[in-house]
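Since the structure comes first, as structure tokens, the remarks are kept for the end.
As the structure lists them, so they are numbered: ligands from 1, and atoms in each ligand from 1. As a basis for the values below, the full set of heavy atoms in this structure was taken, side chains included, without hydrogen atoms, waters or symmetry mates.
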Amino acid sequence: MATTPGTLITVAPTGAELDKADFPQLPTTLEELVETAQRCEAAGAAMIHLHIRDGEHRPTLDHGHLKAAVDALREQTSLVIQLSTGGSVHDPLEQRLTVLDAEPDSCSLTCGTTNFGDDVFLNPSGFMSDLYVQAQEREVVPEFELFDLGHVASLARLIDKHGLPFGGKVHVDFVTGVPGGMPGTPAALMAGVAMLPAEVTSWSATGIGRTHLPIAAAALAAGGHLRVGMEDNVVFARGIPVEHNAQLVERAAHLAEVMQRPAMSTDDARTLLAIKPRR
Ligand code: KMH
Ligand code: ZN
């Protein structure tokens, strides 16, 4: 895997799990998402991982909502736009495939079923293959989400079966610290990195909750990229809630700077991930 001088910072601002009533600062409306994206881009983010909410702030995979968000962010930021195909644990598999209709630059593709707290996040192999092939056909670059070490092996099987994704790059993101998945520890992360298939060209990591910061530091030290955001962590420091996603991006960019791998530009992120020009 080639080493990159800069750090790709992805912001995951919303997710599908948090309730707006409990976290009024969670960006859920289109206006809030655009404002968040702009501030996060200015703070050093180059990609946004998006979950969309409806008028009641509930997670939705409705095409109109997704397309409106993709269009608005494409017009008002230069971020790489990644739509979640994971949705919420309640979304049907068929509907999760329709996310590609909104023509994002990138889509998430989780490499296996995982326990997700008290729920199950379903990703059977037929679904993963369908999504993989449809993303190839639509020229959307997948980001492979790895919640567990078994997901690394499943990724290798997907590549063997279907060839390389659109663009020829393979970018993965370790989502650590989900109750039911791999723990958010540097040791678990390094075990996953050691197992990555040779086709992988870049990797990033995030840690849920209190694992957010140690995983970011471990990823930076090991040559990885970073994902931060309220989808993964709403506590900035002990007793201090995150008030805006940009705080997490600013801290990640500062860490990356100190490690002499400063936040990369959106253009460099497009090159790193081999994103199709759509603007
Ligand atoms: N909301 C989780 C069940 C993804 O975005 O692809 C799944 C998730 C992964 O967040
Ligand atoms: Zn997500």
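Side chain of D119 to backbone of V89: no donor-acceptor contact under 3.5 angstrom is found. A donor-acceptor pair under 3.5 Å links the side-chain atoms of Q38 to the main chain of Q76, judged by distance alone.
Taking backbone and side-chain atoms together, E145 has no N/O/S atom less than 2.8 Å away from the Zn ion (ligand 2).
Of all protein heavy atoms, the one closest to atom 10 (O) of ligand 1 is E231 OE2, 2.9 Å. Here the protein heavy atom with the shortest distance to atom 7 (C) of ligand 1 is F121 CZ, 3.4 Å. Closest to atom 6 (O) of ligand 1 among all protein heavy atoms lies S108 OG, 2.7 Å. From the protein, the heavy atom lying nearest to atom 3 (C) of ligand 1 is E17 OE2, 3.6 Å.
Taking any N or O of S88, backbone or side chain, none lies under 3.5 Å from an N or O belonging to ligand 1. Of the N or O atoms in E145, none lie within a sub-3.5 Å distance of an N or O in ligand 1.
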Open item on the list: Checking S129 against H162 for the side chain to side chain donor-acceptor pair (under 3.5 Å) test, could you report, in this order, the C-alpha distance in whole Å, the side-chain angles of both residues, the deciding distance, and whether it holds?
Closed with: CA-CA 8 Å; S129 280; H162 302 295; 2.9 Å; yes

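Taking the six-membered ring where the residue is Trp, the centroids of Y132 and F144 are separated by under 6.0 Å.
None of E250, E35, Q25 except one satisfies the side-chain hydrogen bond (donor to acceptor under 3.5 Å, both in side chains) rule with H244; the exception is E35.
The nearest pair of heavy atoms linking R261 to T7 is O-OG1, 2.5 Å.
Distances shorter than 4.0 angstrom occur between a heavy atom of G87 and an atom of ligand 1.
Each of the atoms 4 (C), 5 (O), 6 (O) of ligand 1 lies under 4.0 Å from some heavy atom of S84. In the vicinity of G86, heavy-atom distances shorter than 4.0 Å reach the ligand 1 atoms 4 (C), 6 (O).
Its N, O or S atom nearest to the Zn ion (ligand 2) is what matters here, and for E231 that atom is OE2.
Note on ring orientation: taking the six-membered ring where Trp is involved, the planes of H49 and H51 are perpendicular (angle over 60°, cut-offs 30° and 60°).
No more than 12 heavy atoms of other residues, nucleotides or ligands shown are found within 6.0 angstrom of CZ on R238.
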